[in-house]
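Worksheet: one structure, shown below.
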Amino acid sequence: MLLWFAGFFAVIIFCGIYTTSVPLLWTSIGRIEKEGTKKYKIYTVVLGIIGCVIACFLPYKALVNVLYGLNGYLGFSLVAFMLVYDFRTKMSKTLVKEDEE
C-alpha cells in the first residue's frame, strides 16, 4: 500500500515538473523565433536536450527545490507585472474617454 502511494506521488511530481518546464521552454523559444519555422524546431530540440542533460546530472532534490522556488518567484513577479499592465491599460482608457467628452 505504501509503495502504491509512493508511485502515485512520483507521478504527480513528474507531471508537475513537466507542466512547469514545457511552457517555460515553449515561451522562451517563442520569444526568439516564430513558431513553426525550422529554427524554432531546432531551438526546441536543442534546448530540450540541454534541459534533459541538466535534469540527469543535477540531484533530484536540488532540481525540484531550485525549479519550484524559482518558478514561485517568477510567478509572483508575473502577477505583479500583469496587475500593473492592467492598471495602466484601464487608466489610459479612462483618460481617452475623458478627453473625448
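When a residue number appears, it is its place in the shown sequence, counting from 1.
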Nearest 0.5 Å please: distance from the [atom1] atom of [X] over to the [atom2] atom of [Y].
X   : Y   : atom1 : atom2 : value
I32 : T27 : CD1   : OG1   : 11.0 Å
W4  : F9  : CH2   : CZ    : 13.5 Å
L47 : W26 : CG    : CH2   : 15.5 Å
L25 : Y43 : CG    : OH    : 13.0 Å
I49 : C52 : CD1   : SG    : 8.0 Å
I29 : T44 : CD1   : OG1   : 3.5 Å

Test applied, side-chain contact (heavy atoms from CB on, under 4.5 Å); reference residue, C15; option that passes from I12, V11, I13: V11

V46 reachable from I54 in the ILVMFWY side-chain graph, under 4.5 Å edges: yes

Hydrophobic cluster membership, F14 vs F5, 4.5 Å side-chain cutoff: no

Heavy-atom neighbours of L3 CG exceed 12 at 6.0 Å: no

Sub-4.5 Å side-chain heavy-atom contact between R88 and V84: yes

